[in-house]
Participant: 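Got a structure here, written out as structure tokens. Questions coming.
Quantities reported herein were computed from a predicted structural model and do not represent experimental measurements. In this chain, residues are counted from 1 in sequence order.
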Amino acid sequence: GENQLEDLASHINKMVGTISTKALGISNTQRSIERAVVFFSPQYTRAMAGLLGEAFQGGLRGAKARDAVYNLLVGGAMFHIGAAKAFNQEPTLDPSSPNFMKIKIAGQWIGHGGKIRAMIRLWGKMAAKPLNEWPDYLRWDVFEPETFRDNPIASFLRSSGAPAPGIALNVITQTDPIGRAIPDFK
């Protein structure tokens, strides 16, 4: 029926990252602020979060979301395995590893990006963190480099953020989004 068509249209918008923030009732001002200081790609971020959220629902919408997430994961894993084999390397499929779905080329770790991979990496880092270190999740001092090294949620948000605040934090903390010192930064 009509609801299924609406569900399908919503799913397609989320799957390709073109969710209409205007249709969601988000004002021009809020959209501008989100683009400038909140997310690097707010529509895509919102679409991927919506797709992952819908994967836990029932009905056509949930089924299509689960299919899309599954296809993204399997496709990404197959691409990574093929690339690793082409370079005579072992695939890195442990999401808690800093080299999750990356291969080493000319001394640099390289891998495909994407919100789904980033979110799985976040979940992997959180799952690998011992319970006695969970108080790190309460650390939110954005001017302290340790926050981004120890709190995977803060690190994820910083690396997903808009460029201007990210650069400002790099300058203030003299570190990158995962807490590494920026060499010769003065």
Side-chain angles (χ1 to χ4, degrees), residues 14-19 34-49 51-52 55 67-130 133 136-137 139-186:
K14 288 184 181 103
M15 193 173 67
V16 297
T18 58
I19 191 167
E34 285 179 351
R35 280 191 300 273
V37 296
V38 181
F39 289 115
F40 173 69
S41 54
Q43 284 179 285
Y44 183 64
T45 300
R46 191 176 274 115
M48 289 298 105
L51 185 66
L52 286 171
D67 286 347
V69 171
Y70 172 81
N71 289 332
L72 285 167
L73 293 174
V74 171
M78 291 179 74
F79 176 82
H80 170 68
I81 291 168
K85 294 297 179 192
F87 285 89
N88 294 318
Q89 297 176 28
E90 285 298 314
T92 51
L93 297 172
D94 174 3
S96 66
S97 166
N99 300 318
F100 173 57
M101 294 182 83
K102 293 181 181 179
I103 58 172
K104 200 169 197 175
I105 300 175
Q108 297 292 314
W109 286 99
I110 299 171
H112 65 85
K115 291 290 181 198
I116 300 289
R117 183 209 164 272
M119 289 179 185
I120 291 169
R121 173 90 174 100
L122 169 64
W123 296 337
K125 289 191 320 190
M126 290 172 65
K129 200 165 188 62
E133 293 180 17
D136 289 339
Y137 294 130
R139 178 180 286 165
W140 287 96
D141 184 349
V142 297
F143 301 114
E144 291 294 326
E146 295 80 19
T147 297
F148 303 104
R149 185 193 64 227
D150 298 338
N151 184 340
I153 298 168
S155 177
F156 172 80
L157 292 173
R158 181 173 172 188
S159 63
S160 298
I167 292 168
L169 282 171
N170 290 352
V171 170
I172 292 166
T173 65
Q174 298 184 8
T175 61
D176 67 10
I178 58 174
R180 296 178 300 192
I182 297 174
D184 300 324
F185 194 85
K186 295 186 183 354

Participant: Backbone N or O of Met101 within a donor-acceptor pair of the Thr92 side chain at under 3.5 Å?
Facilitator: yes
Participant: Using 0.5 Å steps for rounding, measure from the CG atom of Leu122 to the CE atom of Met119.
Facilitator: 8.5 Å
Participant: Going by the rule side chain to side chain donor-acceptor pair (under 3.5 Å), which residues pair with Arg158 if we only count those two or more places apart in sequence or in a different chain?
Facilitator: Asn170
Participant: Between Glu90 and Lys85, is the side chain to side chain contact (heavy atoms under 4.5 Å, CB included) condition met? List the steps.
Facilitator: CA-CA 7 Å; Glu90 285 298 314; Lys85 294 297 179 192; 4.1 Å; yes
Participant: Measuring from Ile103:CD1 to Gln89:CD, what's the distance to the nearest 0.5 Å?
Facilitator: 5.5 Å
Participant: At what distance, to the nearest 0.5 angstrom, does CZ of Arg121 lie from NZ of Lys102?
Facilitator: 7.0 Å
Participant: Going by the rule side-chain contact (heavy atoms from CB on, under 4.5 Å), which residues pair with Pro95 if we only count those two or more places apart in sequence or in a different chain?
Facilitator: Phe100, Ile120
Participant: For Asp94 and Ser96, which heavy atoms make the closest approach, and how far apart are they?
Facilitator: OD1-OG, 2.8 Å
Participant: For Thr175 and Pro145, indicate whether the former's side chain and the latter's backbone hold a donor-acceptor pair under 3.5 Å.
Facilitator: no
Participant: Looking at CG of Asp67 and CG of Leu72, how far apart are the two atoms once the value is rounded to the nearest 0.5 Å?
Facilitator: 11.0 Å
Participant: Looking at CZ of Arg139 and CD1 of Ile153, how far apart are the two atoms once the value is rounded to the nearest 0.5 Å?
Facilitator: 13.5 Å
Participant: Start with the C-alpha distance between Gln108 and Ile105, add both sets of side-chain angles, then the distance that settles side chain to side chain contact (heavy atoms under 4.5 Å, CB included), and finish with yes or no.
Facilitator: CA-CA 5 Å; Gln108 297 292 314; Ile105 300 175; 5.9 Å; no
Participant: Would you compute the distance between atom CG of Leu93 and atom CG of Leu73 and round it to the nearest 0.5 angstrom?
Facilitator: 11.0 Å
Participant: For Thr147, check side chain to side chain donor-acceptor pair (under 3.5 Å) against everything at least two apart and list the hits.
Facilitator: none
Participant: Counting distance only, does the side-chain N/O of Ser160 pair as donor-acceptor with the main-chain N or O of Leu157 below 3.5 Å?
Facilitator: no
